[in-house]
Structures are given as C-alpha cells and as structure tokens.
Amino acid sequence: MRTSRPVAGSLAVLGYIIMIVPILFVVATSFTGGRTLRFPPEGFSLQWFEAALTYDPFISALVSSLQLALIATVLALAIGIPATLAIHRGAIPGKGVIEGLFLSPLIVPELVVGLALYQQLMIGFGLANFETLLLGHTVLMLPYAVRVTGASLALADPALEEAARGLGASPLRAFFTITLPLLRPGIFSAGLLSFLTSFNNVPLSLLLQSRDFRTLPVTMLDYVQQSYDPMVAAMATLILAGTVVIAVIAERTVGFAKIFGGINR
Amino acid sequence: MNAAAEFAGVSQVFGDFTAVDSIDLRIAQGKLTTLLGPSGCGKTTTLRMLAGYAAPTSGRIDIDGVDSTRTPPEKRNLGMVFQSYALFPHLTVAENVGYGLKLRRVPAAERQQRVQETLELVGLGHLAASKPKKLSGGQQQRVALARAIAIRPKLLLLDEPLSNLDARLRVHMRAELRRIQSETGLTVVLVTHDQDEALEMSDDMVLMRAGRIMQQGAPQDVFPNPANRFVADFLGYENFLTAADGSVLAVRPEHLDVLPVGGPTAAGGLALDATVTDVAYRGVDMLVTVRTVDASGADVRLISDVRSDGLSTVSIGDVVTVTAPPSRLVAMAAEVPEPVR
Ligand SMILES: Nc1ncnc2c1ncn2[C@@H]1O[C@H](COP(=O)(O)OP(=O)(O)OP(=O)(O)O)[C@@H](O)[C@H]1O
Ligand SMILES: [Mg+2]
C-alpha cells in the first residue's frame with residue numbers, strides 16, 4: 001500500500017476488515033464446543049463438522065450444487081466460446097448487439113430471470129426443476145464465458161492463425177494448435193468464475209427449488225430459519241476451505257493476474 | 001523464363017473502394033521481386049491475395065503454372081513473414097520453426113535437423129530453446145524468416161520485413177536477406193515503401209500507385225528510365241520541366257549544374273536562366289534552389305545539388321544559368337491521370 005494515498009489506503013484496509021472479520025467470526029464459531037451459534041465460542045471441538053458432514057440434507061444438496069455448477073459451467077463455455085469467436089473473428093453483422101445480448105444477464109435482476117423461467121418453463125412447459133435451474137444458471141454464466149474469453153481473444157494477434165494456415169494448418173488445426181492454447185487461461189478463469197457464481201447463487205435457486213432438488217445455499221438458508229446451532233457455520237467453513245483450495249490451485253497453475261486480468265477490460 | 005506466380009487482371013474491391021485495380025504481374029522464378037509504392041497503394045493486399053488470405057474480387061492468380069485463385073493458404077506451400085512476425089508465443093523458437101514440418105509429418109529426427117539447419121542459416125542456432133518473447137526484434141524477425149523458409153516454400157513472401165528494425169540493423173538485414181535468397185535459391189516477393197531498399201535488393205521491382213502497377217523492371221532499367229512522373233518522383237527525381245513538345249523532362253538534383261550566366265553549355269542539353277531563391281550548405285555539397293520559366297511558360301522551382309568547392313560564391317538573388325547535359329535529361333509521358341477509385 002502506498003503511503004502517498006492515505007485516504008485510499010485506509011479505505012482499502014477498512015474494506016478488508018469489513019469483509020474478513022465476519023468470516024472469521026463464522027469460522028471461529030464453527031469450532032465451538034457449545035450448542036449455540038454464539039461468539040466467543042465455548043471451548044473447542046470438531047463436533048459440528050461431524051454433524052454437518054453426516055446431515056443428509058446438506059450432503060445431498062452439496063452433491064446437487066456441484067452437479068449443477070459443473071454441468072452449467074460446461075454448457076456456458078460450450079455456448080460462450082464459439083459465440084465469442086464469432087463475435088471477435090467472424091464476419092457477422094450486428095456484433096455489438098449480439099455481444100450485448102450475451103452480457104445482458106449481468107444487468108437483468110436475477111429474480112426477474114428466475115420468475116420468467118418459473119412461469120414459462122416450469123409452469124408453461126412443465127419442465128423439471130433441475131433442467132430449469134440448469135438453464136437459468138447457464139444463462140447467468142454466459143456473460144463470464146463471453147467476456148473473459150473475449151478479453152484473451154482480443155489480445156491474440158489474428159495474424160497468428162493466418163501464419164499457422166500459411167504453414168499448412170487447416171482452419172480447425174490452426175484453431176486447436178494456436179488459438180486455443182492462447183485462450184486457455186481465459187477459458188480457465190471463465191470456468192472458475194462461472195462455477196463459483198453458480199455454486200453461490202441464491203435468488204435463482206431459491207425460486208426454482210423443489211423438494212427433490214435443492215442447492216446447498218438454499219438448504220443452508222432453510223436450516224438457519226429453523227434452528228440456530230453451529231452446524232451451518234461448520235458447513236460454511238467447509239465451503240470456504242474448498243474455495244480457498246480451488247483458488248490456491250488456480251494461482252499455482254495459471255496465476256491470478258492472468259486469470260482475472262481479462263475481466264475489467 | 002518460368003513464372004513462379006502470375007496475376008492476370010486481378011482486382012480486390014472492399015465495398016466501393018478498389019484497393020487493387022486489375023493488375024497483371026509476373027513473379028520471376030528464383031528472383032527477388034519487390035512491390036514498392038506509397039502507403040495504401042495496395043502492396044499488402046496484393047501479397048495477401050498471393051498468399052491466399054484474401055480472395056481476389058476478380059482475375060486469376062497462377063502459382064507454378066497452376067490456377068490457384070481459390071486455393072486456401074494451407075494448400076499453397078508459400079512462406080509468409082508478417083510485419084508483426086506473428087510468432088507463436090506459447091512455442092519455443094525451435095517449435096515455431098518446426099511447426100510447418102510437423103504438419104507435413106516430417107519424422108522427428110529429420111525435423112530437428114532441418115530446424116537446426118534453418119536456424120543456423122539465419123544465425124540463430126543458439127536460441128532454439130528460447131521463447132519468442134525473450135528475443136530482440138531483429139532476432140524475432142529471423143525466427144519468422146526461418147519458420148517460413150523451413151517448409152521449403154515455392155515462394156517466400158515478406159511484408160515490410162525490415163520496417164520494425166532500427167536503421168543500422170535494417171541495412172545489415174538487406175544484405176542478409178540477399179545472402180539467404182542466393183543460398184536457398186528461393187523466389188522472394190518483398191513489400192516495401194522504401195525506394196533505397198527496393199533499389200538495393202531487387203532483381204525486379206514493381207512500382208505501384210493507387211492499386212495499379214506503374215512500372216516493372218530491373219532497378220538498373222527502371223531507375224534511369226522512369227516511365228512517368230509518379231515513378232520519377234518516387235525515385236527521387238525532384239526537378240520536372242515541360243518540354244516544348246509537351247512531354248515531361250526530369251532531372252535529378254545532382255545532375256543539375258549552377259553556372260554563371262553566359263558560360264559554355266553542352267549542345268542539346270538544358271540551359272535556363274534562373275534566379276537563386278535559397279542556398280542550403282550541407283558540408284560536402286549544397287542545395288541551391290532556383291526559380292525559372294520552362295519551355296511551356298510555366299514558373300518552375302528547381303533544386304540543384306552541387307559540390308560545395310565547385311561553387312562557393314552563389315547567394316540568394318543571384319541570376320545564374322542552370323544546366324544539365326543531354327544524357328541526364330529523362331523524357332517521359334506527361335503526368336499519368338489520377339486513377340478513379
Ligand atoms: N479489409 C479491408 N477492408 C477495407 N479496406 C481495406 C482492407 N484492407 C485494405 N484496405 C484498404 O486498401 C488500401 C490498400 O491497403 P494495403 O494494406 O494493401 O496498402 P499497402 O500498400 O500495404 O500500404 P502500407 O504501406 O500502409 O502497408 C488501403 O487504403 C486500405 O485502407
Ligand atoms: Mg502494407
């Protein structure tokens with residue numbers, strides 16, 4: 001932090017404190033030996049972790065959430081990457097409009113999207129709630145797929161693919177040996193962002209839940225409304241640990257600067 | 001002599017803009033041909049059509065006697081060096097150079113040997129394992145060249161290969177390119193907007209303007225005999241006079257002499273009374289600008305480049321005679337009409 005900008009520096013520190021302290025409270029209470037969600041924790045024990053990991057609704061919701069996030073991420077990338085290529089490299093009219101369309105889920109409130117999906121697909125077409133959720137999450141993630149891979153595509157010189165063609169590569173070959181490797185960090189970061197967005201999503205999942213398919217955040221929310229014991233804190237701490245592990249792996253393999261460098265363009 | 005490539009009536013139209021206007025062009029086998037002309041005259045577009053990156057709007061391009069107008073680039077076997085070099089950033093120098101060989105299924109051992117040979121040819125044998133980002137501009141340019149040569153292309157195409165290099169390296173690389181061309185016997189097409197580069201390097205030079213070819217020939221033929229005023233202007237003839245018969249006479253500054261009025265002049269040469277309007281001393285030589293009236297009655301400004309020791313006393317306002325021997329007067333067609341685009 002540069003001392004020459006005291007106001008900005010202090011604000012940043014304050015921001016970190018505001019973000020991190022509540023998380024520390026949650027983590028601390030999850031190790032409590034007592035029976036209530038209270039700070040400071042009473043003693044130390046791992047009992048609530050054991051409870052969380054053997055509580056069936058949490059485990060099945062975790063599996064549901066992971067399934068949903070994984071499949072939705074793959075779908076979003078499968079739709080988003082070709083769309084990005086078409087927007088940036090293809091000779092199609094109205095590129096701006098198309099890109100805007102793909103980015104629009106960032107602006108439309110999720111509750112509106114959720115309600116629309118609920119009315120149209122679940123009520124109107126009688127689609128199952130997993131499929132509807134999958135569709136909703138995929139749409140929600142498209143902006144990341146288009147924006148982040150688009151940013152790394154914009155950095156790649158179009159002459160590279162031409163050079164590969166000139167050396168004897170078919171368009172497909174040139175794409176797979178030259179363009180795709182250059183896009184890999186972008187695709188990786190788009191995937192990571194999409195996955196986390198889906199995994200943490202509440203509004204859509206709340207609207208489109210059913211008795212047999214419920215995501216983890218929604219299940220935890222339900223649980224908190226009924227009882228006030230530290231099992232929720234333990235589950236939250238486990239999710240946090242998982243996210244940190246993913247982040248560390250991402251940092252070691254690709255690097256944050258490379259992963260997130262493309263977002264703010 | 002076989003043509004390595006031949007354009008017949010080739011045009012490239014972007015929207016309502018004609019970038020290349022029905023050109024006919026023969027690229028001689030085993031020679032170095034330069035495409036020379038000012039910015040925007042269509043050099044890159046011509047090269048891209050030859051490489052297959054842009055399909056001509058009309059006309060026909062033969063490569064090695066075979067109609068290749070619609071052949072995709074990967075089937076043409078031409079080596080292209082891009083102005084930006086376009087090296088693959090995720091591959092090493094050796095992998096870049098070997099990329100085309102790998103696609104041609106050259107066995108690994110032979111591939112490695114050919115990559116090494118090609119890198120030696122361009123003087124980069126020691127950098128095979130480096131990533132392109134680590135290299136200087138001049139080295140990157142050599143890698144791009146090696147990558148294009150390694151596939152043993154029918155033609156080597158270079159788009160302003162030297163323009164991103166500093167002045168000294170540029171002059172050095174002209175000689176290097178000529179050496180590589182003669183060692184490999186490759187047919188080379190080189191795009192440039194630098195007339196010195198074209199004169200020094202070409203076996204054959206093609207002067208372009210606004211999508212058309214103005215003149216083609218060996219530098220030794222083109223330089224002393226520019227076909228029209230545009231070519232003469234581009235090649236540094238700065239003085240243009242309209243002769244009594246309406247044709248244009250061009251004289252290079254170094255061939256125009258400034259003498260005292262009434263001195264002896266060569267028969268049949270140029271001799272005009274003129275007023276000195278500017279004198280610029282440059283050490284070995286000086287530039288004398290004069291105003292005079294040519295045979296058509298038009299006011300003209302001429303520049304003479306004379307040795308300083310030959311004429312030390314001229315000053316602004318002097319009345320002098322400017323002369324040029326008949327052998328130095330180049331007659332050419334009057335101004336070519338501005339092409340309609
Ligand atoms: N894809 C395109 N769409 C529209 N116009 C184009 C396109 N490519 C080239 N042009 C135009 O065609 C003309 C010729 O371009 P070209 O790149 O061939 O010129 P050049 O002789 O290589 O010039 P330079 O020395 O600046 O590289 C230019 O006016 C350019 O703006
Ligand atoms: Mg050009």
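Bear in mind the structure is a predicted one, so any value in this text is a computation, not a measurement. Every chain is numbered from 1, with letters handed out A, B, ... down the list of sequences.
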Query raised in the report: For the atom pair CD1 (A:Ile178) and OH (B:Tyr99), what is the distance rounded to the nearest 0.5 Å?
Result: 4.0 Å
Query raised in the report: Roughly how far apart are A:Arg173 CZ and B:Lys102 NZ, rounded to 0.5 Å?
Result: 8.5 Å
Query raised in the report: Hey, are A:Glu162 and B:Arg48 close enough for a salt bridge, meaning a charged N less than 4.0 Å from a carboxylate O?
Result: yes
Query - Heavy-atom contact with chain A under 4.5 Å, split by part of B:Phe88 - result: both
Query raised in the report: Checking heavy atoms, do the side chain of B:Leu78, its backbone, both or neither come under 4.5 Å from chain A?
Result: backbone
**Report entry** Smallest separation among heavy atoms of A:Pro171 and B:Glu74, with atom names
**Finding:** CD-OE2, 3.4 Å
**Report entry** Heavy-atom proximity to chain A below 4.5 Å, by part of B:Arg147
**Finding:** both
**Report entry** For A:Gly166 against B:Ile151, the heavy-atom pair lying closest together
**Finding:** O-CD1, 4.2 Å
Report task. Select one option (side chain, backbone, both, neither) describing which atoms of B:Leu157 are under 4.5 Å from chain A's heavy atoms. Result -> neither
**Report entry** Atom CD of B:Gln112: over 12 foreign heavy atoms under 6.0 Å
**Finding:** no
**Report entry** Nearest non-hydrogen partners of A:Arg165 and B:Pro73, listed with the distance
**Finding:** NH2-CD, 3.5 Å
**Report entry** Over all atoms of both residues, closest heavy-atom pair of A:Leu167 and B:Leu103
**Finding:** O-CD1, 3.8 Å
Query raised in the report: A:Leu182 and B:Pro89: which non-hydrogen atoms are nearest, and at how many Å?
Result: CD2-CG, 3.5 Å
Requested in this report: Check whether more than 12 heavy atoms from other residues, nucleotides or ligands sit under 6.0 Å from atom CZ of B:Arg105, and answer yes or no.
Outcome: no
Query - Residues in ring-ring contact (aromatic ring centres under 6.0 Å, His included) contact with A:Phe176, at least two apart in sequence or another chain - result: none
Query - Residue A:Pro158 versus chain B: region with a heavy atom under 4.5 Å - result: neither
Requested in this report: May I ask you to check whether over 12 heavy atoms, not counting those of B:His193, lie within 6.0 Å of atom NE2?
Outcome: no
Report task. Working to the nearest 0.5 Å, report the span between OH of B:Tyr85 and CG of A:Leu160. Result -> 14.5 Å
